[in-house]
Amino acid sequence: MIKLVYCLRRRSDLSLEDFQAYWRQTHAPLVAKHAQTLRIKRYVQVHTRDHPVNAAMRATRPGPEPYDGIAELWWDTLEDFVESASTTDGREAARELLEDEKRFIDLSQSPLWIADEDLVLG
């Protein structure tokens, strides 16, 4: 399988709670609506916790603030990923998802890429 990793930073006008609520309650159903058209096999949201443990871990090493969350999406093959957006329906689904992302994600600070997983423990 091929995986898309999307590290999310929220728009500056949203609290972490508002960002995560929108992502769970509005964006997730939209992804589910388009999953078949876009050939998405799995979608996982990883929500950053606002917890003192995070601050303690950051204090042990230099680095930027954590992302507000990570979206992980899987396709059977890279060809499925590419071809899913090559149809009229696929392009429309991708456009609708991007328009919704603009409502809660700071796109300029949220990198995404295609990756392969190498299971080490599991």
Side-chain angles (χ1 to χ4, degrees):
M1 293 187 86
I2 195 78
K3 180 179 187 176
L4 182 137
V5 179
Y6 193 3
C7 296
L8 307 179
R9 293 205 191 276
R10 68 186 182 271
R11 286 185 5 187
S12 62
D13 59 324
L14 296 174
S15 68
L16 180 63
E17 295 78 19
D18 289 342
F19 164 83
Q20 290 180 343
Y22 187 93
W23 188 20
R24 281 185 175 111
Q25 297 163 12
T26 303
H27 192 71
L30 190 60
V31 173
K33 172 186 164 187
H34 294 302
Q36 185 173 358
T37 299
L38 293 173
R39 303 182 192 177
I40 298 168
K41 296 299 182 179
R42 185 168 189 228
Y43 173 52
V44 174
Q45 293 181 346
V46 181
H47 291 259
T48 300
R49 287 186 174 199
D50 185 13
H51 193 278
V53 168
N54 282 332
M57 287 189 302
R58 277 195 314 277
T60 67
R61 59 186 49 90
E65 290 294 312
Y67 291 104
D68 297 306
I70 298 173
E72 300 174 324
L73 298 94
W74 286 261
W75 285 261
D76 282 333
T77 65
L78 183 57
E79 291 74 23
D80 276 342
F81 172 75
V82 172
E83 290 172 10
S84 70
S86 68
T87 67
T88 301
D89 288 345
R91 285 190 298 274
E92 177 57 26
R95 186 202 59 75
E96 189 174 343
L97 289 171
L98 177 58
E99 288 305 311
D100 191 57
E101 289 168 6
K102 291 176 184 178
R103 294 182 177 102
F104 69 107
I105 299 171
D106 179 347
L107 297 176
S108 70
Q109 297 298 312
S110 300
L112 72 160
W113 63 92
I114 293 293
D116 295 309
E117 285 188 344
D118 288 325
L119 183 62
V120 176
L121 294 173

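Owing to the predicted nature of the structure, the values given are computational and were not obtained by experimental measurement. Residues: numbered from 1 along the sequence shown.
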* Asked: Yes or no on side-chain contact (heavy atoms from CB on, under 4.5 Å) for Phe81 and Ile114, after CA distance, side-chain angles and deciding distance?
  -> CA-CA 10 Å; Phe81 172 75; Ile114 293 293; 3.8 Å; yes

* Yes or no on side-chain contact (heavy atoms from CB on, under 4.5 Å) for Lys102 and Leu98, after CA distance, side-chain angles and deciding distance? -> CA-CA 6 Å; Lys102 291 176 184 178; Leu98 177 58; 4.1 Å; yes

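The shortest distance between side-chain heavy atoms of Asp68 and Trp23 does not fall below 4.5 Å. Within the 4.5 Å cutoff, the side chain of Tyr22 has no heavy atoms near those of the Ile105 side chain. Contact of the Leu30 side chain with the His34 side chain is registered, since non-hydrogen atoms from C-beta on lie closer than 4.5 Å. Two residues are said to be in side-chain contact when any heavy atoms from C-beta on lie closer than 4.5 Å; Asp116 and Ile2 meet this criterion. Proximity of Arg103 to His27: side-chain heavy atoms (C-beta onward) are nowhere separated by under 4.5 Å. Side-chain contact between Leu73 and Leu38: absent, with no pair of heavy atoms (C-beta onward) separated by less than 4.5 Å.
In summary, Asp76 and Lys41 engage in a salt bridge, as defined by a charged side-chain N under 4.0 Å from a carboxylate O. In summary, Glu65 and Arg58 engage in a salt bridge, as defined by a charged side-chain N under 4.0 Å from a carboxylate O.
Sparse packing is recorded around CG of Asp50, with 12 or fewer heavy atoms of other residues, nucleotides or ligands lying under 6.0 Å away.
Residues passing the ring pair (Phe, Tyr, Trp, His ring centres under 6.0 Å) test with Trp74, sequence neighbours excluded: none. In this structure Arg95 satisfies the side chain to side chain donor-acceptor pair (under 3.5 Å) test together with Glu92, sequence neighbours excluded.
Atom CD of residue Gln20 and atom CZ of residue Phe104 lie 11.0 Å apart, to the nearest 0.5 angstrom. In this structure, CG on Leu97 lies 6.0 Å from CD on Glu101, to the nearest 0.5 angstrom.
A donor-acceptor pair under 3.5 Å is formed between the side chain of Ser110 and the backbone N or O of Arg9.
Clustering of Ile, Leu, Val, Met, Phe, Trp and Tyr by side-chain heavy atoms under 4.5 Å joins Tyr67 with none of the others.
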